[in-house]
2 protein chains.
Amino acid sequence: MINLLRKTFGFIFESTLIEEINKIGTLREVSAGEELIRFGEFIQGVPLMISGAVRVNRVYPDGNELFLYYIEEGDTCSMSFNCCTQQKKSEIRAIAEIDSQFIMIPVSKIESLIGKYSSWRQFVFSSYHNRMVEVVYALEKVAFEKLDDRLEEYLDQKSRITQSDSLQMTHQEIAEDLRTSRVVISRLLKKLEQMGKLKLQRNTIELIR
Amino acid sequence: MINLLRKTFGFIFESTLIEEINKIGTLREVSAGEELIRFGEFIQGVPLMISGAVRVNRVYPDGNELFLYYIEEGDTCSMSFNCCTQQKKSEIRAIAEIDSQFIMIPVSKIESLIGKYSSWRQFVFSSYHNRMVEVVYALEKVAFEKLDDRLEEYLDQKSRITQSDSLQMTHQEIAEDLRTSRVVISRLLKKLEQMGKLKLQRNTIELIR
DNA sequence: AAGGCTTTGTAACAATTGTTACATTAAATT
DNA sequence: AATTTAATGTAACAATTGTTACAAAGCCTT
């Protein structure tokens with residue numbers, strides 16, 4: 001585990017911090033689709049991403065969900081960070097988008113890390129800021145752009161995250177993420193296909209570059 | 001100034017911190033409409049709000065703007081916080097919504113406060129989190145709600161911030177904030193008037209409670 | 001191969017939001 | 001008071017997005 005830690009966080013954390021994280025953290029591996037953080041549960045710890053990609057959704061009591069951001073190698077989830085320090089139930093849900101590795105740092109140790117290591121503080125601050133920038137970006141998309149452009153960006157992002165031009169997903173799933181109906185997505189996808197930007201098959205969307 | 005500090009921040013900051021802020025900070029007063037932070041400038045410091053309300057907008061190079069959140073008594077602007085530590089030019093604009101007082105803490109002192117005072121760190125963390133929650137809230141509104149509901153909420157928020165049921169603003173200004181056209185806002189306002197929720201006059205919207 | 005389930009395609013129509021154009025009214029200026 | 005300017009009202013129409021309903025196609029199970 002310490003080698004993974006060094007590889008991903010060696011440039012930002014001093015070696016004493018790396019060693020401490022190695023002691024108190026536990027490496028976890030999840031496969032695509034698995035839930036790291038569930039809605040309504042108390043959060044066990046803060047995840048440090050080693051590899052892969054995890055999507056973070058805001059969840060509302062009525063079951064509604066809203067995509068906030070992805071966390072990838074070197075990131076942490078600043079929303080869960082706060083839940084920890086406040087001992088609150090999770091208002092988010094985190095799902096592995098692809099097979100992923102991360103190190104879980106238990107809640108109980110968070111406070112002392114903040115006190116001891118300035119590089120850890122820096123990391124938490126910049127993590128907060130980066131997540132904020134991404135949520136603002138999401139807001140910007142919804143506020144400024146039409147659905148067809150948002151769909152294109154959505155597909156590009158998926159492709160980047162899954163590292164594939166062949167997206168295995170249904171129109172229904174896309175519709176839920178973009179908060180519209182399946183029919184609307186099918187319609188727009190067909191339009192993009194006619195423009196030669198992609199090819200549609202059952203359960204897959206082949207992006208043409 | 002120290003009395004204002006004690007009144008607003010006495011419950012979260014230890015007295016040594018209050019005294020230090022009293023030394024290094026400068027009290028500033030702005031009247032409604034004044035700009036506290038301008039787009040593209042280097043940020044001079046982090047504002048601690050004593051009274052009033054300041055709106056924070058994201059600004060894009062093309063001049064487009066997007067409302068992010070208000071900061072009020074006891075708040076700070078977490079976006080400017082990061083600009084400071086990174087020595088970057090401001091990507092936001094802050095405008096006093098009503099007459100306001102705040103204490104400006106110079107960039108140069110920020111780092112040492114973080115190292116010295118855990119209550120300051122707590123404050124910055126929770127400030128980041130609160131702003132995040134507000135931006136997520138804004139995203140939620142745009143993603144889930146129709147324009148007429150968003151307009152009603154917008155008017156309620158304005159009323160709360162300005163502490164008045166008589167809003168001095170034009171339809172054009174509302175349209176810019178909600179990213180739509182003046183005609184659409186006039187139409188919806190007229191509908192709300194017919195529903196008895198408000199009364200329209202030139203330059204003012206009178207909310208009926 | 002047949003039947004059932006899921007996914008996708010498509011038409012027709014409704015609702016919402018955006019746009020253009022111009023009239024009307026209120027305030028400000030001369 | 002007359003003129004100019006800014007703000008609002010309204011109609012007519014366009015574009016986008018949402019909804020319903022059903023057909024067609026692909027996949028899975030037996």
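Throughout, a chain's letter reflects where its sequence line sits, starting with A, and its residues are numbered from 1. Here the structure is a predicted model, which is why all the values come from computation and not from measurement.
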Grab the [atom1]-[atom2] distance between [X] and [N] for me, whole Å please.
X	N	atom1	atom2	result
A/Gln194	C/dT10	CD	P	8 Å
A/Ile185	D/dT17	CD1	C1'	11 Å
A/Leu147	C/dG18	CG	C1'	16 Å
B/Gln168	D/dA6	CD	P	19 Å
B/Gln201	C/dA27	CD	P	9 Å
A/His171	C/dG9	NE2	P	5 Å
A/Leu200	C/dT7	CG	C1'	12 Å
A/Asp149	D/dA15	CG	P	17 Å

| field | 5' precedence on DNA chain D between B/Gln172 and A/Leu188 (nearest-nucleotide basis) | value | B/Gln172
Is any NZ, NE, NH1 or NH2 atom of the basic residue among [X] and [Y] found under 4.0 Å from an Asp or Glu carboxylate oxygen of the other?
X	Y	value
A/Lys89	A/Glu41	no
A/Arg58	A/Glu65	no
B/Arg160	B/Glu72	yes
B/Arg55	B/Asp177	yes

| said: If you assign B/Ser181 and A/Glu193 each to the DNA chain C nucleotide with the nearest heavy atom, which residue ends up on the more 5' nucleotide? | reply: A/Glu193
| remark: Residue pair B/Thr180/A/Asn203 against DNA chain C: nearer the 5' end by closest nucleotide is A/Asn203
Can you tell me which nucleotide in [options] comes closest to the side chain of [X]?
X	options	result
B/Thr170	D/dT8, C/dA11, C/dT19	D/dT8
A/Val183	C/dT20, D/dT19, D/dT8	D/dT19
A/Lys190	C/dT10, D/dG9, C/dT17	C/dT10
A/Val184	C/dT10, C/dT19, D/dT17	D/dT17

Side chain [X] and base [N] donor-acceptor under 3.5 Å:
X	N	result
B/Arg202	D/dG9	no
B/Arg182	D/dG9	yes
A/Arg187	D/dG18	yes

| request: Quick one: do A/Leu167 and A/Thr204 satisfy side-chain contact (heavy atoms from CB on, under 4.5 Å)? Show the steps, please. | output: CA-CA 5 Å; A/Leu167 311 177; A/Thr204 63; over 6 Å; no
